[in-house]
Amino acid sequence: MNQIDVCINYYGKPYHTAVTLLTLWKHSSKHIHKIYLVIEKIQPYYQYDAIPLLKYYLKDLPIEYVYPQYFYYSGNPDESWLSDPEKRYGLKYQYALEKSDKEFLFLSHNDCLYEDDLLGKMLLKAKNESGTGTVAGIGMVGQCWNCPAFSARLCDGSRFETFVPTKEELKELVDTYSPPRAHIHYKLIDREIIHPLPECRLNEYACLVNVPVYRENVMPTGDVLPFGGSWHGTDWGAIWFHSLFNRGYKFINFPFEPHMQHAPFSNNGSGHRADTEFDLYKNSEDGAKAYLLSNSLIPKDIPFALKLERQVIKTKHQIRNTLIKVKVKLVG
């Protein structure tokens, strides 16, 4: 199988992002042609000055930096906007999924620690399974921690294909186990969206997506909504996963552990909370920086010119934020 491309969206966490890409490169560089690093238009805690630092740490990697004009965080544009490429490119991973010329694109969160050649193992598995049907994606299947069928011990990522409840059975499971997004489950059940189950998806912590299959089926070429939206209210990739599975494409369950750790420097195993809890953000970033330094993945000191560039960016945003506050106060 030929080399593949990689895509990561950068929403803060420069040290986590450096850990992710430098450890992925350490173990899997022989498989990688290009890395698309998508710099989100909005950054948490106004950390725009961290982007030059990140570029310095990653200067030896084959990276194309992408700067979308739109930012949706966990939302998505109106469907009528999807004919506009700039609006589509604001969706997670969409730019790379449209631009890559490789068979597979590897998607990863930017808070991962790769400890083995997970990418190579996934590629080998996809190659071996290709004779049993067209593989649309490979990775950990299912947000089972949110699913009532998992709570009932009836389903998991290895059984998602064969556990096919009736509408009444699935509703009873939701009634019994009250999953976190029960109201969304009920809404989807009423719309006859039963299987795969509402929380089922190819998790983008670390997964491979078949690029030609994606482009053939997904807007603007096809009619399926893009991976990076959450139109029916669940999570990224769920509606894309549901649509392609029901068109006969194959998804291979391949959990990332023990080859990769997700959010290894967080005290709760999740990177999402750090987006709104600064102390958690800072502490986990300190852990990522300590890992990079102790493993000699980044230099201890940075050039004076880089320090100056960061200070200029920080000062610019401080002035901008002050002016916005003054304007709001005057108008209000």
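These numbers were taken from a predicted model, which means no experiment stands behind them.
A side-chain donor-acceptor contact under 3.5 Å links Gln43 to the backbone of Tyr10. Between the side chain of Glu204 and the main chain of Leu107, no donor-acceptor pair closer than 3.5 Å is present.
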Name every donor-acceptor pair, under 3.5 Å, that has one atom in a side chain of residues 208-218 and the other anywhere in the protein, sequence neighbours excluded.
| residue | atom | partner | partner atom | Å |
| --- | --- | --- | --- | --- |
| Asn210 | OD1 | Val213 | N | 3.2 |
| Asn210 | ND2 | Val135 | O | 3.0 |
| Tyr214 | OH | Gln94 | OE1 | 2.6 |
| Tyr214 | OH | Phe227 | N | 3.0 |
| Arg215 | NH1 | Leu97 | O | 2.8 |
| Arg215 | NH1 | Glu98 | O | 2.9 |
| Arg215 | NH1 | Ser100 | O | 3.0 |
| Arg215 | NH2 | Ser100 | O | 3.0 |
| Asn217 | OD1 | Arg247 | NH1 | 3.0 |
| Asn217 | ND2 | Val213 | O | 2.9 |
| Asn217 | ND2 | Tyr249 | OH | 3.2 |

Show me, pair by pair, the donor-acceptor contacts under 3.5 angstrom made by side chains of residues 57-64, not counting sequence neighbours?
| residue | atom | partner | partner atom | Å |
| --- | --- | --- | --- | --- |
| Glu64 | OE1 | Lys34 | NZ | 3.0 |
| Glu64 | OE2 | Tyr95 | OH | 3.1 |

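For Glu115, the side-chain hydrogen bond (donor to acceptor under 3.5 Å, both in side chains) partners are Gln261, not counting sequence neighbours. Every residue was checked against the side-chain hydrogen bond (donor to acceptor under 3.5 Å, both in side chains) condition with Asn128, not counting sequence neighbours, and none meets it.
With ring centers used as reference points, Phe106 lies 6.0 Å or more from Trp25. For Phe160 and Phe241, the ring centers are positioned less than 6.0 Å apart.
If you take SG on Cys112 and CG on Leu21, they are separated by 9.5 Å, rounding to the nearest 0.5 Å. With rounding to the nearest 0.5 angstrom, the NZ atom of Lys167 is 11.0 Å from the CD1 atom of Ile193.
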Exercise for the section: Go through Tyr89 and Asp84 one step at a time and tell me if the side-chain hydrogen bond (donor to acceptor under 3.5 Å, both in side chains) criterion holds. Expected result: CA-CA 9 Å; Tyr89 296 159; Asp84 183 335; over 6 Å; no

Handout entry: side-chain hydrogen bond (donor to acceptor under 3.5 Å, both in side chains) evaluation trace for Glu199 with His185
Key = CA-CA 8 Å; Glu199 295 291 351; His185 290 223; 3.1 Å; yes

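Of the candidates Tyr114, Tyr205, Tyr93, Ser108 forms a side-chain hydrogen bond (donor to acceptor under 3.5 Å, both in side chains) with just one, namely Tyr114.
Inter-residue side-chain proximity for Ile252 and Lys125 is flagged as met; some heavy-atom pair is nearer than 4.5 Å. Looking at Tyr56 and Arg310, their side chains never come closer than 4.5 Å, going by heavy atoms from C-beta outward.
Side-chain contact of Asn110 with Thr20: a donor-acceptor pair under 3.5 Å is absent, judged by distance alone. Remark: the Glu172 side chain and the Thr176 side chain contain no N/O donor-acceptor pair separated by less than 3.5 Å. For the residue pair His317 / Thr315, no side-chain donor-acceptor distance below 3.5 Å is found, with atom types taken as modelled. A donor atom on one side chain and an acceptor atom on the other are found under 3.5 Å apart for Glu40 and Asn9. Side-chain atoms of His259 and Asp117 form no donor-acceptor pair, as typed in the model, at a separation below 3.5 Å.
Note: Tyr281 and Phe278 have parallel aromatic rings, judged against thresholds of 30 and 60 degrees for the angle between ring planes.
For residues 126-150, no pair satisfies ring-ring contact (aromatic ring centres under 6.0 Å, His included), with sequence neighbours left out. Applying the ring-ring contact (aromatic ring centres under 6.0 Å, His included) test to every pair with at least one member in residues 287-310, sequence neighbours left out, gives these pairs: Phe265-Tyr291.
With salt bridges taken as basic N to acidic carboxylate O contacts below 4.0 Å, none links Asp5 and Lys102.
For the pair Lys41 and Tyr67, the cation-pi criterion (under 6.0 Å, within 45° of the ring axis) is not fulfilled.
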